[in-house]
There are 2 protein chains.
Amino acid sequence: METETGTNWLTDEEQRAWRAHLDVSRLLMHQLERDLQPFGLTNNDYEILVNLSESEDHRMRMSDLAAATLQSKSRLSHQITRMENAGLVRRENCESDRRGLYAVLTDRGWETMREVAPHHVASVRQHFIDLLGASGIDALYGSLAPVAEHLRTRRKIG
Amino acid sequence: METETGTNWLTDEEQRAWRAHLDVSRLLMHQLERDLQPFGLTNNDYEILVNLSESEDHRMRMSDLAAATLQSKSRLSHQITRMENAGLVRRENCESDRRGLYAVLTDRGWETMREVAPHHVASVRQHFIDLLGASGIDALYGSLAPVAEHLRTRRKIG
DNA sequence: ATCCATTGGTTCAGAATTCAACTTCTTTAG
DNA sequence: CTAAAGAAGTTGAATTCTGAACCAATGGAT
């Protein structure tokens, strides 16, 4: 058995898979952003609307929302301020924990969500889902789910 | 045959695949960024170093570099200015086209690249490649390559 | 009761990003 | 040859993002 001397570089197959993932994630975010622009929303706006829409009473604690959308508290705080100014969301105090705040969907926010969601789904289909095919979908999930798991736990520690 | 009335929402399988892709791409970028921090580089810095390193004469036209790294000319211009100030890169005039500029790797840039690359590769392995397995790699590439293709052509048009 | 370490959230300053305007040079068409 | 259109890059202002410092409230320990 030889002693390992150098770096374990990526093989060609690994390279191209890696680049494909990289390229897709960037190009896709860009495309989705473009498709949301006519509605005056960013991807981040939209994701927050989704999270709140799917939550009990259309509200979420700031911390939980930050965790769910994988962004820092700081970034979320700014983001919510902007969305508050846009009338999509409001902050509300939390009674059980006087430090805490809820981000709450406004009627306007909910209406916006109902209007935009179909377009966004269509966009996700057109540029991603429908290009994969049923087998591609399963393959993708099977491959990525463990990676996501690894990274999520790593995040808590980090 | 029924008339299609509503939105073609995502199925559960589609949802989870979509979220997995989303989460992995965000968490992964974050993790890689963290792993590069000790070397004083960002992901964007690194990617530019890679592109220049692999190019003839360690140089690339600004436009080509912008295209290769999927960013706007403006963003690249700022980016290169920063890297120039950090001594990793320099601008050089192009003789065949007097409008044009090359971004050129400096010795320092090349040295940095040689030093950092092994760590970065290890990072990509640890947090992505090695979690996929050979079959996962192929599956991933097979699934994503057509998507990347679709998005790239869409980009030129859009 | 009283520390004190944690958690929840904001704020500020500095860095990065976007978007549109602009300059310069090149190419094409007449 | 010249005018107009297009391509290569930069710049500057406005926006967003990051990271650290901060304040207030909570939850244990003792």
Side-chain angles (χ1 to χ4, degrees), chain A residues 26-27 29-34 36-38 40-48 59-86 88-104 155-158, chain B residues 25-27 29-38 40-48 59-86 88-104 155-158:
Chain A
R26 271 187 293 199
L27 289 165
M29 283 310 107
H30 237 279
Q31 182 64 52
L32 295 182
E33 193 94 43
R34 286 176 58 111
L36 279 176
Q37 257 172 25
L41 296 179
T42 65
N43 281 332
N44 208 0
D45 291 336
Y46 183 81
E47 193 173 9
I48 287 178
R59 76 186 48 216
M60 264 181 136
R61 287 289 295 271
M62 293 295 278
S63 288
D64 298 338
L65 190 49
T69 57
L70 300 175
Q71 50 193 328
S72 68
K73 289 158 184 266
S74 172
R75 181 177 171 186
L76 179 66
S77 186
H78 288 301
Q79 172 70 28
I80 292 296
T81 300
R82 270 172 260 143
M83 293 181 74
E84 207 168 18
N85 293 336
L88 298 170
V89 144
R90 68 173 179 279
R91 281 180 234 245
E92 233 175 73
N93 288 38
C94 175
E95 293 157 20
S96 58
D97 185 340
R98 239 171 312 182
R99 296 167 297 183
L101 287 177
Y102 286 105
V104 188
R155 180 181 173 76
K156 314 241 185 213
I157 307 162
Chain B
S25 76
R26 269 186 293 198
L27 290 166
M29 283 311 106
H30 237 280
Q31 182 64 51
L32 296 182
E33 193 93 42
R34 285 176 59 111
D35 290 350
L36 280 176
Q37 258 173 25
L41 296 180
T42 66
N43 281 331
N44 207 3
D45 291 336
Y46 183 81
E47 194 173 8
I48 286 177
R59 75 187 51 217
M60 262 181 135
R61 288 290 296 271
M62 294 295 279
S63 289
D64 297 338
L65 190 50
T69 58
L70 300 174
Q71 52 194 327
S72 68
K73 289 158 183 267
S74 172
R75 180 177 170 184
L76 179 66
S77 184
H78 289 299
Q79 172 70 29
I80 291 296
T81 300
R82 270 173 259 140
M83 293 181 74
E84 207 168 18
N85 293 336
L88 299 170
V89 144
R90 68 172 179 279
R91 282 180 234 245
E92 231 174 76
N93 289 34
C94 175
E95 291 157 22
S96 58
D97 185 340
R98 240 170 311 183
R99 295 167 299 183
L101 288 177
Y102 286 105
V104 188
R155 180 181 172 78
K156 315 241 183 208
I157 306 163

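Just the heavy atoms: all of them, side chains too, but no hydrogens, waters or symmetry mates, feed the values below. Chain naming here is simple, since letters A, B, ... match the order of the sequence lines and numbering starts at 1 in each.
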Return the polar atom pairs (N/O with N/O) between nucleotides 8-12 of chain D and the protein under 3.5 Å, or none.
from: D:dA8; atom 1: O3'; to: B:Arg61; atom 2: NH2; distance (Å): 3.3
from: D:dG9; atom 1: OP1; to: B:Arg61; atom 2: NE; distance (Å): 2.7
from: D:dG9; atom 1: OP1; to: B:Arg61; atom 2: NH2; distance (Å): 3.2
from: D:dG9; atom 1: OP1; to: B:Leu101; atom 2: N; distance (Å): 2.8
from: D:dG9; atom 1: OP1; to: B:Leu101; atom 2: O; distance (Å): 3.0
from: D:dG9; atom 1: OP2; to: B:Ser63; atom 2: N; distance (Å): 2.7
from: D:dG9; atom 1: OP2; to: B:Ser63; atom 2: OG; distance (Å): 2.4
from: D:dT10; atom 1: OP1; to: B:Arg91; atom 2: NH1; distance (Å): 2.6
from: D:dT10; atom 1: OP2; to: B:Ser77; atom 2: OG; distance (Å): 2.9
from: D:dT10; atom 1: OP2; to: B:Arg91; atom 2: NH1; distance (Å): 3.2
from: D:dT11; atom 1: O4; to: B:Ser74; atom 2: OG; distance (Å): 3.0
from: D:dG12; atom 1: O6; to: B:His78; atom 2: NE2; distance (Å): 3.0

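A:Glu33 is not listed as a side-chain neighbour of A:Met29, based on a closest heavy-atom distance of 4.5 Å or more. Contact check for B:Gln71 versus B:Ile48: side-chain heavy atoms found under the 4.5 Å cut-off. A heavy-atom distance below 4.5 Å is not found between the side chains of B:His30 and A:Leu70. Using a 4.5 Å cut-off on side-chain heavy atoms (C-beta onward), A:Ser72 and A:His78 make no contact. Residues A:Asp45 and A:Gln79 form a side-chain contact, since some pair of their non-hydrogen atoms from C-beta on lies under 4.5 Å apart. In this structure the side chain of A:Leu101 reaches within 4.5 angstrom of the side chain of A:Asn93, judged on heavy atoms.
Of all nucleotides in DNA chain C, those with any atom nearer than 4.0 Å to a heavy atom of chain A start and finish, going 5' to 3', at C:dT7 to C:dC19.
With rounding to the nearest 0.5 Å, the separation of CG in B:Leu88 from CG in B:Leu41 is 6.5 Å.
Taking atom CZ on B:Arg75 and atom P on D:dC17, their separation rounds to 12 Å, with Å as the unit. In this entry the distance linking CG of A:Asn93 with P of D:dA24 reads 15 Å, nearest Å. Atom-to-atom, CD of A:Glu95 to C1' of D:dT26 comes out at 17 Å; the value is rounded to the nearest Å.
Between B:Gln71 and B:Arg98, the residue whose closest nucleotide on DNA chain C is further toward the 5' end is B:Gln71.
Note on A:Gln37: only backbone sugar-phosphate atoms sit closer than 4.0 angstrom, heavy atoms only; bases stay farther off. A:Glu33 comes within contact range of no nucleotide atom at all, as no heavy-atom separation falls under 4.0 Å.
Distances shown here put every side-chain N or O of B:Arg34 at or beyond 4.0 Å from the OP1 or OP2 atom of D:dT18.
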